[in-house]
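The analysis underlying the following values was restricted to heavy atoms, covering all of them including side chains, and did not include hydrogens, waters or symmetry mates. Residue numbers run from 1 in the order of the sequence given. What you are looking at is a predicted structure, and each value in this text was computed from that prediction instead of being measured.
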Amino acid sequence: NDVVEPDENEKVTEDTEIVVTRRYEVSITADGETRELLAPSNTVEQTLSDQGIALGADDLVSVNLQERVCDGMQIVVSRVTYQDVTVTEEIPYETTTKKDATLDSGKTIVEVEGQVGSQTVEKRQKFIDGQLAEESSPYNGVERAGHKGCYCWRKAEERYCGGQWRRYPYRSQWKYD
């Protein structure tokens, strides 16, 4: 499996440098194909590059890229992609039970009929080799809460707002950040 330079058919002299390059049987699986090859003693990263297999920033490799290849090594490259989707999810309504002494025991009255709500949620889906592997909601939560303005009816008032104390004069409008 090794490569010897110069070739056995070339004439060797005293000044000839003889180089032996070790090669190892390696299996690479990427993009749905498996290749069996003889690879020189390079790193996994260099071997993939030599085979024309480019890695994306999120791709996964089954062995450390800086590891040197060895006989029988199996290298698996898994392609990772992301997709953002928007879905509508159901929000169940809550039931509140109140005790009422005027009702007979075991009787109930529905004061307000509940209704199922809905919300739009953005989700990020992670695919590994085209198969959905994970789904998360990175955008859940309140990014910024809104406020209505309110009027101060005192001559002057201080209020803690937006991380600092602010002084508002008579009949000024509150300003929220």
Determine the minimum heavy-atom distance between Val44 and Met73, stating which atoms define it.
CG2-SD, 3.8 Å

Walk me through it: do Val116 and Ile91 pass the test side chain to side chain contact (heavy atoms under 4.5 Å, CB included)?
CA-CA 6 Å; Val116 174; Ile91 303 173; 5.8 Å; no

Could you grab the distance from atom CG of Leu60 to atom CD1 of Ile128, nearest 0.5 Å is fine?
5.5 Å

Let me confirm one number: the CD-CZ distance from Gln83 to Arg124, rounded to the nearest 0.5 Å.
10.5 Å

Quick one: pull up CD in Glu135 and NZ in Lys126 and give me the separation to the nearest 0.5 Å.
13.5 Å

Where do Thr43 and Leu65 land on the side chain to side chain contact (heavy atoms under 4.5 Å, CB included) test, with the steps shown first?
CA-CA 7 Å; Thr43 62; Leu65 291 173; over 6 Å; no

Specify the closest pair of heavy atoms between Thr47 and Ala39, including all atoms of both residues, with the distance to one decimal.
CG2-CB, 3.9 Å

Do you know which two heavy atoms are closest between Gln51 and Arg35, and how far apart they sit?
O-NH1, 2.8 Å

Going by the side-chain hydrogen bond (donor to acceptor under 3.5 Å, both in side chains) test, which pairs reach into residues 16-26, not counting sequence neighbours?
Asp2-Arg22, Thr13-Thr16

Kindly write out the residues that satisfy side chain to side chain donor-acceptor pair (under 3.5 Å) with Gln46, not counting sequence neighbours, or none if the list is empty.
Asp50

Derivation of the side chain to side chain contact (heavy atoms under 4.5 Å, CB included) call for Glu122 and Asp84:
CA-CA 7 Å; Glu122 291 184 31; Asp84 292 328; 5.9 Å; no

Working to the nearest 0.5 angstrom, can you tell me the gap between Glu90 CD and Gln119 CD?
10.5 Å

Verify the neighbour count for atom CD of Gln74: are there more than 12 heavy atoms of other residues, nucleotides or ligands below 6.0 Å?
no

So which pairs with a foot in residues 52-62 pass salt bridge (charged side-chain N to carboxylate O under 4.0 Å, His left out), sequence neighbours left out?
Asp59-Arg79

How about Gln131: does its CD atom have over 12 heavy atoms from other parts shown lying under 6.0 Å from it?
no

Return the minimal non-hydrogen interatomic distance between Cys70 and Val26, and the atom names on each side.
O-CG2, 4.1 Å

